[in-house]
J.: 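This is the structure, below, for whatever I ask next.
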Amino acid sequence: MTDAVASDATGSPGAFVAELSSAWTGRPRFVVLDDCFDGGSRFLQCLQAWRADPHRCTQLHVITVSTDVASGCTAPALAQEIGSTWPPITPNPHRLSFEGGQVQWLLMPMAWRDALRELATTVDAFVLSHRAAGDASASRREAKALARLARADSLVWCSAASGPDASAMRSAGFVQAHDHAGRWRHAPSFVPRHGPSRRAAQSPDSAPVLVIGGGLAGCAVAWALAEQGRDSVVVERHQALAMETSGNPAGLFHGTVNPQDGAHARFNRAAALEAQRAVAIALAGHGVQGSVQGLLRLEDQDNGWPAMHDTLQRLGLPPGYVQALTAQQASARCGIAVHHPVWWYPGGGWVQPAGLARSFIERAGRRTVLRTGCAVESLTREPNGWALRDASGRLLAVSDTVVLANAGDALRLLRPLMPAASPEAWPLQKLRGQISMALTGESGALDLPRVPITGAGYLLPPIDGMILFGATSQAGDDDPTVRDSDHRHNLAQLSRLTGQTPQINAARLTGRTGWRWTTDDRLPVLGAVPDVNAALGLTRLEQPAQVPRAPGLHACTGFGSRGITWAALAAQITAASITGAPMPIESSLLNSVDAARFVVREAARRARRNA
């Protein structure tokens with residue numbers, strides 16, 4: 001499929017846009033799925049129509065599916081508005097935000113039929129510019145895929161030469177307009193058989209969402225909810241935001257590359273691109289310290305640079321996202337001697353985590369309220385919603401919708417809701433980490449890089465006369481003190497990382513300890529919380545979408561050491577699970593981060609034991 005026929009797919013250019021106003025009038029959210037990119041011109045027409053319509057929908061989401069997205073935005077007015085925020089087109093969805101989030105553009109650079117399988121949303125209007133290839137069976141499959149995404153009265157615009165054939169559309173529950181062969185409306189005479197939904201218990205749009213936790217995760221959720229038109233209250237036990245691990249003076253963000261391109265690499269790729277935009281906004285508009293000028297990750301695999309280069313070619317990863325550099329190229333890039341090939345992430349970098357958290361809250365604006373100094377001791381389901389109480393039993397807040405963004409403390413709050421004989425809701429592990437810091441004048445003859453370097457450990461460029469490096473990672477260690485033994489460990493890592501022997505006295509180093517919570521599969525826990533009691537009564541659980549959910553209860557936790565990289569994307573996913581907005585990642589990848597995935601795995605273990 002190409003965009004060559006886009007101009008006359010629905011009659012005159014942009015004819016469908018003129019009809020959108022009658023369809024989206026007064027709607028809180030309207031989702032358009034378009035199979036034509038046309039250099040961004042089609043989206044621009046939708047955006048301009050939305051801006052000009054006084055009766056427009058509150059939230060407009062346009063999903064563009066086309067392999068031509070990689071050619072870039074060529075519509076002059078739109079390209080000027082987007083500026084430098086146009087992403088390197090990697091093989092995953094890309095989300096661009098306009099009008100403070102009221103208009104969102106989801107780019108899906110993939111084949112049409114693949115996108116229909118991967119979309120996790122409900123569509124209000126389809127705009128078809130292509131002709132379905134294949135036999136009648138293929139056309140029926142496509143029409144069924146459209147019906148799966150459609151709601152009652154969803155509209156389809158196409159010309160006589162595009163879209164599935166008429167008999168396939170009718171069999172899928174679409175009816176044709178009397179005055180136009182290319183206009184269809186979803187009005188099935190039967191109850192559609194939709195698959196189970198991981199968002200079956202969506203919350204009403206009235207009361208503010210209660211977000212427990214004021215670190216990076218909670219602050220990012222407040223921002224994402226605000227972009228999607230929801231109010232929130234962030235409840236934090238400390239007297240200020242980002243007082244725990246998010247309170248480190250600086251941290252890194254970057255993607256990952258893996259030859260198998262599994263879920264971990266795919267999620268980190270999508271998250272790193274979202275993080276780059278969030279950090280750039282924090283730096284430019286909120287006075288936060290950091291850099292988006294790139295990051296080096298050392299590669300110690302035996303095959304070296306040739307294998308790295310071949311991996312990028314095979315995976316189709318563009319140089320705007322990642323490049324394979326030789327040791328010589330890497331040395332020139334960072335300003336110190338590098339002795340191994342590296343991955344160069346042009347959009348990676350570092351940022352002050354607390355500053356990024358503050359930036360998210362400031363971007364949420366009046367749609368969020370902070371309540372600091374409120375320690376939540378219990379979470380209970382009551383007739384009027386989820387109730388939060390402190391240690392004395394005093395009611396702190398109540399709402400239909402709660403997000404657990406409080407790292408491992410979420411397990412404590414969930415434990416009374418779990419069956420007594422079941423394992424923890426999630427296999428979260430607590431890891432102690434200690435960073436080390438020294439004045440640049442006390443770093444001896446250590447050569448310092450211009451950009452962050454990471455691998456087995458990391459080293460940041462000088463920040464306010466300090467160097468920061470680390471970090472340790474120890475399970476089952478609750479010691480909050482800063483230890484000389486951990487400084488020596490960090491110095492040893494620094495030596496291996498840089499190939500230098502730093503002449504730094506460990507006893508003169510300062511540092512900070514914090515605890516990270518990570519899952520056994522090293523991916524976050526996101527979305528609607530599973531109802532484990534209800535799930536135990538089911539005989540068949542093969543995918544997260546089949547798991548019953550606790551009404552109005554959501555999670556955004558398990559970030560491990562990737563909080564800066566994951567926060568923005570994880571928050572968007574969590575917010576979409578609440579609002580019903582289009583998911584910003586593929587459905588198959590969503591299964592890998594779904595808060596209910598561990599219930600499915602436990603069900604599989606039970607089935608094997610009972611077999």
Side-chain angles (χ1 to χ4, degrees), residues 37-44 46-48 51 61-64 66 68-109 220 223-224 227 251-255 268-297 312 316-323 325 333-334 343-352 355-356 358-360 362-363 450-452 461 564-569 571-572 584:
F37 175 55
D38 196 22
S41 295
R42 290 273 282 251
F43 169 74
L44 179 61
C46 290
L47 177 61
Q48 291 173 334
R51 286 171 170 167
H61 295 262
V62 179
I63 305 170
T64 298
S66 174
D68 291 347
V69 167
S71 62
C73 180
T74 57
L78 185 59
Q80 183 177 4
E81 182 167 351
I82 292 173
S84 61
T85 61
W86 182 262
I89 301 301
T90 52
N92 51 265
H94 299 267
R95 188 188 66 90
L96 293 175
S97 182
F98 302 81
E99 305 293 329
Q102 284 187 274
V103 178
Q104 297 196 21
W105 189 16
L106 189 65
L107 301 163
M108 300 191 71
W223 154 74
E227 277 214 330
L252 307 177
F253 62 95
H254 59 90
N268 273 286
R269 178 166 64 233
L273 294 171
E274 190 75 52
Q276 178 184 351
R277 288 190 288 272
V279 172
I281 291 171
L283 269 57
H286 301 267
V288 177
Q289 283 189 304
S291 170
V292 290
Q293 300 304 310
L295 173 145
L296 293 176
R297 181 173 178 83
L312 295 186
L317 298 178
Y321 168 63
V322 64
Q323 302 168 29
L325 302 185
R333 184 80 66 174
C334 71
W343 297 117
W344 167 246
Y345 294 94
W350 68 273
V351 71
Q352 179 194 31
L356 181 59
R358 173 175 56 81
S359 171
F360 283 131
E362 290 175 356
R363 291 173 67 186
R450 291 191 292 263
V451 297
I564 295 173
T565 303
W566 289 353
L569 180 62
Q572 287 290 333

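All residue numbers in this chain count up from 1 along the given sequence. Small disclaimer: the values here were computed from a predicted structure and weren't measured.
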J.: To check you understand the geometry: which heavy-atom pair defines the closest contact between L106 and P93, and what is its length?
T.: CD1-CB, 3.9 Å
J.: Between R269 (side chain) and Y321 (backbone), is there a donor-acceptor pair under 3.5 Å?
T.: no
J.: Drop me the distance from H254's NE2 to I564's CD1, to the nearest 0.5 angstrom.
T.: 10.0 Å
J.: Salt bridge (charged side-chain N to carboxylate O under 4.0 Å, His left out) with R51: which residues, sequence neighbours excluded?
T.: E81, E99
J.: Give a yes or no answer on whether the side chain of H94 reaches the backbone of N92 with a donor-acceptor pair at less than 3.5 Å.
T.: yes
J.: Might you work through the side-chain contact (heavy atoms from CB on, under 4.5 Å) test for F253 and V292, ending with a clear yes or no?
T.: CA-CA 9 Å; F253 62 95; V292 290; 3.7 Å; yes
J.: Can you name the closest pair of heavy atoms from P461 and R450 and give their distance?
T.: CG-O, 3.5 Å
J.: Before giving the answer on side-chain contact (heavy atoms from CB on, under 4.5 Å), spell out for W350 and Q289 the whole-Å C-alpha distance, their side-chain angles and the decisive distance to 0.1 Å.
T.: CA-CA 8 Å; W350 68 273; Q289 283 189 304; 4.1 Å; yes
J.: Check the orientation of F43 and F98. Use parallel for under 30°, tilted for 30 to 60°, and perpendicular for over 60°.
T.: tilted
J.: Once you round to the nearest 0.5 Å, how far does CD of Q102 lie from CG of L47?
T.: 11.5 Å
J.: What residues, two or more places apart in sequence or in another chain, satisfy ring-ring contact (aromatic ring centres under 6.0 Å, His included) together with W223?
T.: F360
J.: Between S291 and L283, which heavy-atom pair has the shortest distance, and what is it?
T.: N-CD2, 3.6 Å
J.: Write out all pairs satisfying salt bridge (charged side-chain N to carboxylate O under 4.0 Å, His left out) with one or both partners inside residues 274-284, taking only residues at least two apart or from two chains.
T.: R95-E274, E274-R277
J.: Would you sort out whether R42 and C46 count as a side-chain contact (heavy atoms from CB on, under 4.5 Å), showing the intermediate values?
T.: CA-CA 7 Å; R42 290 273 282 251; C46 290; over 6 Å; no
J.: Would you give the length of the straight line joining atom CD1 of I281 to atom CD of Q276, rounded to the nearest 0.5 angstrom?
T.: 11.0 Å
J.: For C334 versus V451, what's the shortest heavy-atom pair and its separation?
T.: CB-CG2, 3.8 Å
J.: Distance check, rounded to the nearest 0.5 Å: D68 atom CG versus D38 atom CG?
T.: 9.5 Å
J.: Can you find a heavy atom in the side chain of L317 that is under 4.5 Å from one in the side chain of P91?
T.: yes
J.: For residues L44 and A75, report the shortest heavy-atom separation together with the two atoms involved.
T.: CD2-CB, 4.3 Å
J.: Would you compute the distance between atom CD1 of I89 and atom CG of L107 and round it to the nearest 0.5 angstrom?
T.: 5.5 Å
J.: Any side-chain heavy-atom pair from W566 and N268 closer than 4.5 angstrom?
T.: yes
J.: Counting C-beta onward and ignoring hydrogens, is there a side-chain heavy-atom pair between L96 and P87 closer than 4.5 Å?
T.: yes
J.: Kindly determine whether W105 and L78 satisfy side-chain contact (heavy atoms from CB on, under 4.5 Å), including the steps that lead there.
T.: CA-CA 12 Å; W105 189 16; L78 185 59; 3.6 Å; yes
J.: Looking only at heavy atoms, what is the nearest atom pair of A224 and A571, with distance?
T.: CB-O, 3.4 Å
